[in-house]
Amino acid sequence: MLEYELRVERLDSHGSVASAKQAETTLDTDMDGRDDALSPPELLLASLGACMVRGIQRALPMLRMEIDTLSIQLRGWRQDDPPAIARIEYRIEVGTDDDEEMLEILHRNVQKGTIYSTLAAGTELTGELVAST
């Protein structure tokens with residue numbers, strides 16, 4: 001079983017910092033929000049996006065696919081009672097000449113990622129993977 005470790009420290013009433021390995025990320029923990037850092041829900045979406053990119057990169061050599069570009073748009077909706085991200089929608093665009101069958105195989109591979117699987121267990125998670133134009 002893999003284990004992950006991360007530390008979060010409050011800097012002041014406007015922000016915090018997360019650190020793991022040799023990386024640091026400023027967090028928006030200001031009650032009024034801040035534009036120069038990601039909020040907790042945005043970090044959740046970013047984590048899902050990173051998981052998707054990693055899944056695609058892992059699958060490309062096995063599928064003998066090549067892509068020129070990769071872009072993911074994510075949207076999440078928060079419900080109030082109980083507070084939760086109730087729904088996430090995504091659109092993955094890959095620059096490739098591969099056919100629809102290969103794109104579907106790549107999309108199924110994305111849906112097997114750790115963060116994707118974790119979120120899908122309790123969140124409505126829908127999206128598509130398409131060739132970019």
Side-chain angles (χ1 to χ4, degrees):
M1 184 177 293
L2 292 175
E3 180 179 343
Y4 303 93
E5 187 173 332
L6 179 101
R7 181 176 177 86
V8 175
E9 291 188 46
R10 179 180 182 266
L11 300 174
D12 54 34
S13 63
H14 303 291
S16 300
V17 65
S19 57
K21 301 178 276 191
Q22 294 181 16
E24 285 190 349
T25 301
T26 302
L27 308 175
D28 175 6
T29 52
D30 189 318
M31 294 308 297
D32 294 325
R34 55 187 282 182
D35 292 334
D36 65 340
L38 298 179
S39 68
E42 291 164 337
L43 285 163
L44 182 75
L45 295 176
S47 180
L48 175 59
C51 178
M52 292 173 164
V53 169
R54 186 176 267 191
I56 289 169
Q57 291 179 163
R58 184 182 310 111
L60 291 174
M62 292 182 291
L63 298 175
R64 295 190 174 117
M65 285 182 72
E66 291 189 21
I67 62 172
D68 298 324
T69 59
L70 172 57
S71 173
I72 304 173
Q73 294 90 29
L74 297 130
R75 293 183 69 193
W77 287 266
R78 180 187 180 273
Q79 70 183 26
D80 286 332
D81 191 19
I85 300 297
R87 181 171 53 136
I88 297 172
E89 292 179 0
Y90 64 88
R91 179 179 171 89
I92 304 168
E93 296 180 3
V94 293
T96 184
D97 293 328
D98 283 291
D99 61 23
E100 288 295 320
E101 182 180 354
M102 291 303 288
L103 292 174
E104 181 56 36
I105 293 169
L106 187 59
H107 191 203
R108 282 195 307 265
N109 197 280
V110 165
Q111 296 168 332
K112 296 178 182 175
T114 301
I115 304 303
Y116 189 103
S117 298
T118 301
L119 290 173
T123 304
E124 180 184 340
L125 186 53
T126 60
E128 63 183 347
L129 186 147
V130 298
S132 60
T133 55

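Numbers here simply count residues along the sequence, with the first being 1. Please read all numbers here as calculations on a predicted model, not as lab measurements.
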So, the side chain of T96 versus the backbone of E66: is there a donor-acceptor pair under 3.5 Å, distance only? yes
Please give me the minimum heavy-atom distance between Q111 and S117, naming the atom from each residue. O-OG, 3.9 Å
Assigning hydrophobic clusters by single linkage (Ile, Leu, Val, Met, Phe, Trp, Tyr; side-chain heavy-atom cutoff under 4.5 Å), is V17 placed with V8? no
With rounding to the nearest 0.5 angstrom, report the CD1 to OH distance, I88 to Y116. 9.5 Å
hydrophobic_cluster_shared for I115 and I85, side chain cutoff 4.5 Å: yes
L119 versus L44: any side-chain heavy-atom pair under 4.5 Å? yes
Shortest non-hydrogen contact from T26 toward R34: CG2-NH2, 3.7 Å
Would you indicate whether the side-chain heavy atoms of V94 and M65 approach each other to under 4.5 Å? no
Report, as yes or no, whether the 6.0 Å neighbourhood of atom CZ on R54 holds more than 12 heavy atoms from other residues, nucleotides or ligands. no
With a 4.5 Å heavy-atom cut-off, do V53 and L70 have their side chains touching? yes
Look up atom CG in D36 and atom CG in D28, then write down how far apart they are to the nearest 0.5 Å. 8.0 Å
Please tell me whether V110 and M102 are part of a single hydrophobic cluster in this structure, the criterion being side-chain heavy atoms less than 4.5 Å apart. yes
If you round to the nearest 0.5 Å, how far is CG of L11 from CG of L27? 8.5 Å
Under 6.0 Å from the CZ atom of R75, do we count more than 12 heavy atoms belonging to anything else shown? no
Any heavy-atom pair between the side chains of R10 and T29 that's under 4.5 Å? no
Find the distance between CZ (R7) and CD (E24) and round it off to the nearest 0.5 Å. 11.0 Å
With Y90 as partner, the option from L125, L45, L129 fulfilling side-chain contact (heavy atoms from CB on, under 4.5 Å) is L125
L38 reachable from W77 in the ILVMFWY side-chain graph, under 4.5 Å edges: no
Just by modelled atom types, is the G95 backbone N or O under 3.5 Å from a matching donor or acceptor in the T69 side chain? yes
Salt-bridge criterion met for D80 and R78 (N-O under 4.0 Å): yes
S71 and Q73: side-chain donor and acceptor closer than 3.5 Å? yes
Does Q79, at its CD atom, have more than 12 non-hydrogen atoms belonging to other residues, nucleotides or ligands within less than 6.0 Å? yes
Count the heavy atoms belonging to other residues, nucleotides or ligands that lie under 6.0 Å from CG of D97, then report whether that count exceeds 12. no
If we only count heavy atoms from C-beta on, is the I56 to I67 side-chain gap below 4.5 Å? yes
Please tell me if the side chains of L48 and I72 come closer than 4.5 Å, counting only heavy atoms from C-beta onward. no
Side chains of D98 and L106, heavy atoms from C-beta outward: is any pair under 4.5 Å? no
Just verifying a value: how many Å separate K21 NZ and E5 CD, rounded to the nearest 0.5 Å? 12.0 Å
Are there over 12 heavy-atom neighbours, none belonging to M31, within less than 6.0 Å of that residue's CE? no
Donor-acceptor pair, distance only, cut-off 3.5 Å: does the side chain of T118 make one with the backbone of T114? yes
